Amino acid sequence: ASAVVVIAMLVAALALASPSLRWSPAQLAAVLAAASVLALRALPSLLVNVDEGYFIDYGKFMVLRWTVRGRVPEYIPLVEADRVRQLVSNAEARLRVSTLLLSLLVAIGLPAAAILLAEGDLLVQISAIVFLALAPLGVMLTSRRTVSPELRNPPRIAVLVGLLLCALGIGSGLIGLTASVAAGALLFAACMAAVLSVSAARGSRSLGWSRTADIVDSIAVALVLPAGFLAAGTFDLLRGA
């Protein structure tokens, strides 16, 4: 429940601020999707809440404090199995729920970013194309870091649904001809993903390809949020200010 409340409050706060930022619903969805890609990568390190006393005996080794009244964490010399199981269970529950909610935001944000291809100036269109290229890469490559189906499947299904909605929008003429380049790039990426997935399913493994995927994953996660903000017209807002 805590994960649901935190994500809902952040989404609500950004939605309330969107009129002041002059964001349309499509622009808001694109920004939320970009932030969700980044959050999916950071979730495993954010959701494990362990007392600081488990790591080090601060009372023995700490020589400086941040403030005079700073509290020294209590050292916990004994690691209890029941306590550890509870910590892991709580973290897994928060991780599953957060992954599901963030994947839903990604599925909504991908077709919303495609709508921006028919709107705005050239910078917005280029940023939307970059976002549509980086967001699926970031989500798909991040999902390969876990072996749990509950954590791997929601992001991949979200990318599939989002790209299908993009294809339907382009095919029905709702997005316009400016998306033809992005549609071709997405089609090529889908074909490559299909070929590589068949190879991986047959047991093919490569350390070089794995390291390459790590590099591409890091680049995608680092640049997807700036691309999402630029696609939402943030540059025009700053220029106007």
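These values consider heavy atoms only, across backbone and side chains, with no hydrogens, waters or symmetry-generated copies. Only a predicted model underlies this, so the values are computations on that prediction, with no experimental measurement involved. One-based numbering along the sequence shown.
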Hey, quick one: are [X] and [Y] part of the same hydrophobic cluster, counting side-chain heavy atoms closer than 4.5 Å, chains of contacts allowed?
X    : Y    : answer
L40  : I108 : no
L100 : V11  : no
I129 : L122 : yes
L43  : V159 : yes
L141 : V106 : no

Where is the tightest heavy-atom contact between [X] and [Y], given as atom of each residue plus distance?
X    : Y    : answer
V124 : A231 : CG1-O, 3.3 Å
G138 : V221 : CA-CG2, 4.5 Å
A35  : L225 : N-CD1, 3.8 Å
P19  : A15  : CD-O, 3.4 Å
L165 : A107 : CD1-O, 4.4 Å
A113 : A128 : O-CB, 3.6 Å

Worked check of side chain to side chain contact (heavy atoms under 4.5 Å, CB included) between V130 and L223: CA-CA 9 Å; V130 173; L223 298 180; 5.8 Å; no
Atom [atom1] of [X] and atom [atom2] of [Y]: how far apart are they, to the nearest 0.5 Å?
X    : Y    : atom1 : atom2 : answer
L102 : L38  : CG    : CG    : 10.5 Å
L104 : I157 : CG    : CD1   : 12.0 Å
L134 : I219 : CG    : CD1   : 9.0 Å
L110 : I115 : CG    : CD1   : 11.5 Å
L95  : L47  : CG    : CG    : 6.0 Å
R152 : M140 : CZ    : CE    : 9.5 Å

Scan for salt bridge (Lys or Arg N to Asp or Glu O under 4.0 Å) pairs involving residues 22-48, sequence neighbours excluded, and state none if there are none. R41-D217
Please collect all side-chain hydrogen bond (donor to acceptor under 3.5 Å, both in side chains) contacts where either partner lies in residues 88-111, sequence neighbours excluded, each pair once. Q86-N90
So which residues get pulled into F235's cluster when ILVMFWY side chains under 4.5 Å apart are joined, directly or through others? L123, L230
Residue pair V31 / Q27, side-chain heavy-atom distance below 4.5 Å: no
Contact between L116 and F131 at the side-chain level, heavy atoms closer than 4.5 Å - yes or no? no
For the side chain of T234 and the backbone of F229, is there at least one donor-acceptor N/O pair under 3.5 Å apart? yes
